[in-house]
Amino acid sequence: MQLMTKELEKKFADVGRQEGNADPLIVAKFFDPTGSWTWYATEYEPETRTFFGLVDGFEQEWGYFLLDELEECKGHLGLGIERDLHCGYKTLSEWRATGRLKNR
């Protein structure tokens, strides 16, 4: 699966930086289909191929993660990280309201 497209890159550019936003917009959601890790990306820097967002793994924390690392990662059965094609634009609070993102 292609994790980054020109269309998605444009969406990140349109949203821009969200620093200081208490309820940022999640532009893209990536997940391990065979595990429990999920990456909720709020920002993307195309020059360094770096995202910023909420990483939901062993714990939840805000930080940077690389597109290259997501593309290289292989989980159980050799499956790679996937992008939620139906993510749409949702704020952090809207994701929490779905029950898919726990409030830890």
Audit row: Val55, Trp62, side chain to side chain contact (heavy atoms under 4.5 Å, CB included) steps and yes/no: CA-CA 6 Å; Val55 180; Trp62 290 93; over 6 Å; no
4.5 Å side-chain heavy-atom contact, [X] and [Y]:
| X | Y | value |
| --- | --- | --- |
| Phe31 | Trp37 | no |
| Tyr89 | Val15 | yes |
| Gln60 | Leu54 | yes |
| Phe30 | Met1 | no |

Separation of Glu69 CD from Trp39 CH2 (nearest 0.5 Å): 10.0 Å
Any chance you could measure Leu8, atom CG, to Cys87, atom SG, to the nearest 0.5 Å? 9.0 Å
How close do [X] and [Y] get, heavy atom to heavy atom, and via which atoms?
| X | Y | answer |
| --- | --- | --- |
| Glu19 | Arg17 | OE1-NH2, 2.8 Å |
| Leu3 | Leu70 | CD1-CB, 3.7 Å |
| Glu9 | Pro46 | OE2-CB, 3.3 Å |
| Pro33 | Glu82 | CG-OE2, 3.8 Å |

Do the side chain of Arg83 and the main chain of Gln2 share a donor and acceptor less than 3.5 angstrom apart? yes
Checking the side chain of Gln18 only, and the main-chain atoms of Thr42 only, is there a donor and an acceptor separated by less than 3.5 Å? yes
Passes side chain to side chain contact (heavy atoms under 4.5 Å, CB included), Asp56 versus Tyr40? Steps please. CA-CA 8 Å; Asp56 188 8; Tyr40 296 89; 4.2 Å; yes
Just jot down the side chain to side chain contact (heavy atoms under 4.5 Å, CB included) partners of Arg49, sequence neighbours excluded, or say none. Tyr44, Leu67, Asp68, Glu71
Would you please name every residue forming a side chain to side chain contact (heavy atoms under 4.5 Å, CB included) with Glu7, sequence neighbours left out? Thr5, Lys11
Side chain to side chain contact (heavy atoms under 4.5 Å, CB included) assessment of Glu94 paired with Thr98: CA-CA 7 Å; Glu94 290 172 323; Thr98 68; 5.9 Å; no
Whether the Ser93 and Asp23 side chains hold a donor-acceptor pair (N or O, under 3.5 Å, no angle test) is what I'd like checked. yes
Compute the centroid of each ring, for Phe51 and then for Phe12, and state whether the two points are separated by less than 6.0 Å. yes
So Ile26 and Thr91, side chain to side chain contact (heavy atoms under 4.5 Å, CB included) or not? Walk me through it. CA-CA 6 Å; Ile26 306 299; Thr91 63; over 6 Å; no
